[in-house]
Amino acid sequence: MTSTINGDEDFLMSDTTTEHGAAAGDPGADQQAERVPYRYTAQMAGEIEAFWQDRWEKEGTFEAPNPAGPMAEPEKIGDRPKLYVMDMFPYPSGAGLHVGHPLGYVATDCYARYKWMTGHNVLHTMGFDAFGLPAEQYAVQTGQHPRSTTERNIEGYRAQLRRLGLAYDRRRSIATIDPAYYRWTQWIFLQIFNSWYDQDQDKARPIGELIAEYESGRRPTPDGQAWSDLSEVERRSIIDSQRLAYMSEQPVNWSPGLGTVLSNEEVTAEGRSERGNFPVFKRNLTQWMMRMTAYAERLLDDLDLLDWPEPIKLMQRNWIGRSEGARIDFPVSTVDGEQQAITVFTTRPDTVFGATYMVLAPEHPLVDRLTRLQWPAAPDGGPLPVAWTGGQPTPAEAVAEYRRQTETKSDVERQVDLKEKTGVFVGSYATNPVNDEKIPVFVADYVLMGYGTGAIMAVPGQDQRDWDFAEQYGLPIIRTVQPPEDFDGEAYLGDGLAINSSSEKVSLDGLDVADAIRAIIAWLEANSVGQGMVTYRLRDWLFSRQRYWGEPFPIVHDEHGPIAVPESMLPVELPDVDDYSPKLYDPNDKDSQPEAPLARATDWVEVTLDLGDGPKHYQREANVMPNWAGSCWYELRYLDPTNGELFCDPEVERYWMGPEWSGDSGGVDLYVGGAEHAVLHLLYARFWHKILYDLGYVSSKEPFRRLFNQGMIQAYAFTDNRGAYVPAAEVEETDSGWEWHGQPVNRQYGRMGKSLKNVVTPDEVCAQYGADTFRLYEMSMGPLDQGRPWETRAVVGSFRFLQRVWRNIVDEVTGATTVVDTPADEETRKAVHRAIDGVRNDMEALRFNTAIAKLIELNNHLTKRDAPVPREVAEPLVQLLSPFAPHIAEELWSRLGHAETVTFSSLPEADPALLAEETVVCVVQVAGKLRDRLEVPVSISEDELRERALASPGVRRALGDRAVRTVVIRAPRLVNVVPA
RNA sequence: GCGCGAGUGGCGGAAUCGGUAGACGCGAAGGUUUUAGGUGCCUUUGCCCUUGGGCGUGGGGGUUCGAGUCCCCCCUCGCGCACCA
């Protein structure tokens with residue numbers, strides 16, 4: 001290997017220096033450049049960086065070998081352990097990157113580069129998540145096609161990231177918008193569409209196996225008819241209703257302002273869209289769903305296999321929301337005189353004797369059939385309280401009026417005062433199955449249709465919400481758990497013995513809560529009025545969007561429903577239409593209808609295909625997939641990005657992600673990204689991965705074994721006295737505060753944003769100091785998982801450090817290496833080994849900030865030494881520095897005489913013998929306060945240490961004439977003299 | 001309201017096991033190179049009295065020979081969840 005930039009033809013000797021010198025037009029700097037032509041300046045950094053970036057690219061330095069397939073290079077793998085390091089890929093917006101975006105990318109890059117030097121085969125690459133709303137909105141705003149804006153944005157991102165010297169395997173980069181990529185997104189969709197969840201085997205299976213079970217009669221049809229007696233349409237409907245991707249009419253989140261429906265995960269607690277903050281309304285619509293609920297238990301349980309931050313696991317656990325309890329049927333007769341049952345879910349079936357009324361959600365399907373035409377008598381035979389009737393002459397009118405009120409209430413309004421409950425009596429009484437008591441049925445919006453069965457038995461004695469309602473509506477309150485003597489609250493939720501809980505049929509009295517629950521479930525099941533069960537808060541994933549810029553579904557429709565497009569016809573390409581605008585409405589126009597933009601492309605939608613039974617006319621599915629689809633499996637495509645036969649070669653997957661290499665769950669070894677995807681991308685990706693696992697396409701149970709959330713880089717923004725933002729870069733600090741062009745301004749802390757006029761881009765920092773300084777600064781700012789403020793003026797510290805490293809190895813005047821081959825003195829050698837040891841430990845734990853501090857310490861030691869640096873010190877220093885500042889490290893490495901890149905050089909191990917000290921400083925305290933320090937041999941005996949401590953001037957002074965009560969000795973580091 | 005996390009110099013942060021609080025960097029002060037500014041280099045830099053002390057990790061209490069670290073109470077900030085039956 002040749003052609004590093006050192007030697008006689010060094011670029012600094014060439015004309016380029018004077019041509020683009022920072023010095024141009026600055027005589028002082030010119031003079032300095034003459035004096036120290038080989039000083040590490042921003043300009044030199046820029047040239048070094050460009051040189052090495054080109055060389056890495058030319059030589060394919062960071063290309064990771066696969067065990068099989070087109071990237072197979074088994075000899076390059078050898079016996080190196082593998083390591084798969086990954087970032088959450090970016091969404092390439094038109095605004096480009098600011099300094100906050102690459103924080104995680106730089107971190108994974110440092111980690112990957114460190115791991116190369118410890119002998120790992122590292123896979124590290126980057127792609128682009130480029131379908132979705134923001135890209136489409138940007139395109140609509142600028143009047144350009146989303147494909148052209150998105151592709152341009154991707155190119156901008158690539159250039160910005162390349163400038164940072166990130167060690168990516170460029171061959172593996174993907175963009176979700178490429179047909180060659182989304183072909184496989186569609187293919188995976190088809191696998192999901194063509195699967196069902198077998199509850200007995202607790203896994204997804206191909207739909208063909210379900211059909212075979214029906215055909216053979218092994219599995220009875222839902223209504224018991226023979227499969228052969230069913231029409232083709234009936235069979236299709238049975239099968240379609242069990243697919244993991246299915247169409248269904250149900251209440252969904254409709255956002256008129258966005259013009260699309262959204263998944264539950266995309267709606268905030270305030271009932272607004274996560275993107276754009278538009279109001280969201282519940283509407284009954286037919287949409288594509290994914291049966292994520294089938295995986296609720298496994299998504300929950302397998303969190304235990306993962307090395308993820310606890311808060312993220314907790315958020316997923318809460319989102320999945322497992323509740324153990326029981327279903328109980330309360331008999332009731334409808335207005336038509338039909339015998340029906342209100343099925344409730346409760347976590348406290350033991351309190352069923354305390355159920356004094358029932359509540360249905362306003363949308364509950366039984367409400368209409370239970371709403372009487374006339375008010376019945378009150379339970380005590382008297383007139384009904386006005387609260388029950390809402391002042392209306394009939395139950396029908398009361399319910400209709402109540403529904404009107406609740407429909408218009410937003411989620412925020414509903415939560416204003418949770419104590420204040422509303423509802424009306426429907427006029428029917430249900431029967432409590434354990435004691436045959438008649439209890440009134442209400443509708444009330446404190447019961448939600450989306451959870452459990454949408455109906456509850458209300459037990460005011462043991463539930464505060466029910467207590468509040470009962471108080472307002474004058475309903476009886478029966479305690480069925482004995483509260484402690486000193487209990488002075490309302491509903492009692494604690495443990496205790498059951499009371500008031502017996503009838504001729506069953507008694508729970510005297511049992512504690514856990515036993516009572518067991519006993520009542522046994523009774524419910526024996527009498528067929530209920531059953532122990534588990535409920536989840538998790539809902540199925542709403543998967544269709546009324547947008548243009550997304551993956552088309554590989555689906556066509558005939559008059560009976562959806563049909564899969566055969567694999568041979570993939571990809572179903574997104575047609576290049578002129579009118580891609582979504583149909584947007586007034587954000588509060590809840591009566592508006594979703595309309596897919598692709599439906600307007602009639603020559604694309606209307607299609608004649610031969611799907612095996614001759615050419616027939618079909619309509620293409622005009623909805624597109626949500627922008628999460630592409631990110632549900634990209635970690636797999638990186639592994640085998642050019643495979644045209646499969647989304648990923650199983651052998652390659654097993655190598656990079658398999659459980660034999662990556663622990664029980666398998667998966668990516670380190671995945672770094674923000675915490676905002678806790679119940680979005682990270683949940684969806686786990687769900688898809690588990691389906692692929694069930695179908696045998698991947699060997700790993702989980703996509704991401706270890707997750708790390710990097711903090712967000714924040715910034716100060718400044719406003720003038722009218723509240724307008726002023727450019728943060730022009731603000732100056734004064735004794736009393738901050739000033740912009742002489743006028744006082746206010747400072748606030750938060751995100752970086754164009755409108756806040758506080759954006760700093762990596763490009764600016766690279767121009768001013770170079771990419772190595774930028775990387776180093778970002779990594780030294782503080783712990784990776786914490787947010788921290790960007791401070792441009794502090795960046796210079798990292799630059800100075802690199803300059804000093806350079807000066808310790810290269811003569812600023814002659815450009816020659818000053819390193820000598822003589823052995824290092826003992827102290828320096830120890831300093832190097834301490835640094836190696838400390839940096840290794842810090843790197844393993846992603847503590848980059850303290851690793852860098854140790855490197856600075858070592859370098860400061862070398863600077864103070866004021867003598868040529870021995871090679872045995874310079875080389876490890878350059879290696880340890882190289883993950884953070886790879887360009888300058890390559891340059892120094894090559895100037896030290898190495899022809900090969902520093903990337904795969906072997907990082908030395910710390911010599912334990914050199915880490916051990918012969919003498920240490922012993923701290924001498926009197927009554928716990930530091931009074932003296934002694935330099936003592938490590939092996940000093942307790943007796944000798946005691947003697948020397950007591951004799952030390954500091955102790956004698958502090959002790960005065962007081963006697964010594966005791967001496968605590970922790971040899972050799974600490975002595976504490978305790979006076980009487 | 002419930003749950004989780006965090007409060008350390010002027011600022012970002014360090015202290016991995018209960019044992020020297022403030023590593024490392026920014027900023028600031030002084031010096032030096034330079035015609036000058038800037039850059040580079042050297043020194044100092046928690047606070048308060050001065051050769052040695054006193055006080056210091058949000059506040060108050062406790063355990064301990066010894067507490068930033070452990071326990072109890074309180075305050076502030078950040079994040080998550082929020083009628084989930």
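Hydrogens, waters and symmetry mates are skipped; everything else that's a heavy atom, side chains included, is used. The chains referred to below are lettered A, B, ... by the order of the sequence lines, with proteins before strands, and numbering in each begins at 1.
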Between [M] and [N], how far apart are the [atom1] atoms? Round to whole Å, please.
N: U64(B); M: G59(B); atom1: P; answer: 23 Å
N: G58(B); M: A6(B); atom1: P; answer: 13 Å
N: A21(B); M: A67(B); atom1: P; answer: 11 Å
N: C49(B); M: G10(B); atom1: P; answer: 15 Å
N: G25(B); M: U45(B); atom1: P; answer: 14 Å
N: G46(B); M: U57(B); atom1: C1'; answer: 11 Å
N: A15(B); M: C24(B); atom1: P; answer: 13 Å
N: G18(B); M: G68(B); atom1: C1'; answer: 11 Å

For a quick check of understanding: with a heavy-atom distance under 4.0 Å over all strands, which category does [X] fall into, base, sugar-phosphate or nothing?
X: Asn841(A); result: nothing
X: Val978(A); result: sugar-phosphate
X: Thr863(A); result: sugar-phosphate
X: Ser780(A); result: nothing
X: Arg957(A); result: sugar-phosphate
X: Glu310(A); result: nothing
X: Gly325(A); result: nothing
X: Ala794(A); result: sugar-phosphate
X: Thr347(A); result: sugar-phosphate
X: Asp842(A); result: base
X: Gln925(A); result: base

Between [atom2] of [N] and [atom1] of [X], the distance in whole Å:
X: Asn264(A); N: C81(B); atom1: CG; atom2: P; value: 13 Å
X: Arg348(A); N: A85(B); atom1: CZ; atom2: C1'; value: 11 Å
X: Ile517(A); N: A85(B); atom1: CD1; atom2: C1'; value: 13 Å
X: Tyr777(A); N: G13(B); atom1: OH; atom2: C1'; value: 11 Å
X: Ile456(A); N: C83(B); atom1: CD1; atom2: P; value: 14 Å
X: Arg788(A); N: G12(B); atom1: CZ; atom2: P; value: 13 Å
X: Lys929(A); N: G53(B); atom1: NZ; atom2: P; value: 12 Å
X: Arg39(A); N: U39(B); atom1: CZ; atom2: C1'; value: 7 Å

Between [options], which nucleotide has the shortest distance from any of its atoms to the side chain of [X]?
X: Glu857(A); options: A14(B), C26(B), C24(B); value: C24(B)
X: Glu791(A); options: C11(B), G40(B), A85(B); value: C11(B)
X: Lys864(A); options: U43(B), C24(B), A21(B); value: U43(B)
X: Asn860(A); options: C24(B), C83(B), A85(B); value: C24(B)

Is the phosphate of [N] approached by [X] (side-chain N or O, under 4.0 Å from OP1 or OP2)?
X: Ser323(A); N: A85(B); answer: yes
X: Arg317(A); N: G3(B); answer: no
X: Asn318(A); N: C4(B); answer: no
X: Arg793(A); N: G27(B); answer: no
X: Arg931(A); N: G54(B); answer: yes
X: Arg847(A); N: A14(B); answer: no
X: Asn976(A); N: G19(B); answer: no
X: Arg807(A); N: C41(B); answer: yes
X: Arg537(A); N: A82(B); answer: yes

**Report entry** Check: Gln925(A) and Val975(A) side chains under 4.5 Å, non-hydrogen atoms
**Finding:** no
Salt-bridge present ([X], [Y]; N to O < 4.0 Å):
X: Arg322(A); Y: Glu297(A); value: yes
X: Arg834(A); Y: Glu917(A); value: yes
X: Lys864(A); Y: Asp866(A); value: no
X: Arg317(A); Y: Glu310(A); value: yes

Report task. Check whether the side chain of Arg970(A) and the base of G19(B) form a donor-acceptor pair under 3.5 Å. Result -> yes
Report task. Would you kindly check whether a donor in the side chain of Lys854(A) faces an acceptor in the base of C24(B), or vice versa, at under 3.5 angstrom? Result -> no
Requested in this report: Would you give the length of the straight line joining atom CD1 of Ile888(A) to atom CG of Asp772(A), rounded to the nearest 0.5 angstrom?
Outcome: 6.5 Å
With a 3.5 angstrom cut-off on both distances, give the Watson-Crick or G-U wobble partner of [N], or none if there isn't one.
N: U57(B); answer: none
N: G18(B); answer: none
N: G10(B); answer: C26(B)
N: A67(B); answer: none
N: G3(B); answer: C79(B)
N: U39(B); answer: none

Report task. Could you say whether Ile856(A) or Asp466(A) is positioned toward the 5' end of RNA chain B, judged by the nucleotide with the nearest heavy atom to each? Result -> Ile856(A)
Query raised in the report: Is a donor on one side and an acceptor on the other found under 3.5 Å between the side chain of Gln462(A) and the backbone of Val481(A)?
Result: yes
Report summary line: Its glycosidic angle compared against 90° from 0, G53(B) adopts the form anti
**Report entry** Conformer about C1'-N of C17(B) - syn within 90° of 0, anti elsewhere
**Finding:** syn
Report task. Kindly indicate, with the supporting measurements, whether the criterion side chain to side chain contact (heavy atoms under 4.5 Å, CB included) is fulfilled by Ile713(A) and Glu778(A). Result -> CA-CA 9 Å; Ile713(A) 290 185; Glu778(A) 291 230 327; 3.4 Å; yes
Query raised in the report: Is the Trp806(A) ring parallel, tilted or perpendicular to the Tyr40(A) ring (thresholds 30°, 60°)?
Result: tilted
Query raised in the report: Checking side-chain contact (heavy atoms from CB on, under 4.5 Å) against Met712(A), which of Met752(A), Arg788(A), Arg751(A) comes through?
Result: Arg751(A)
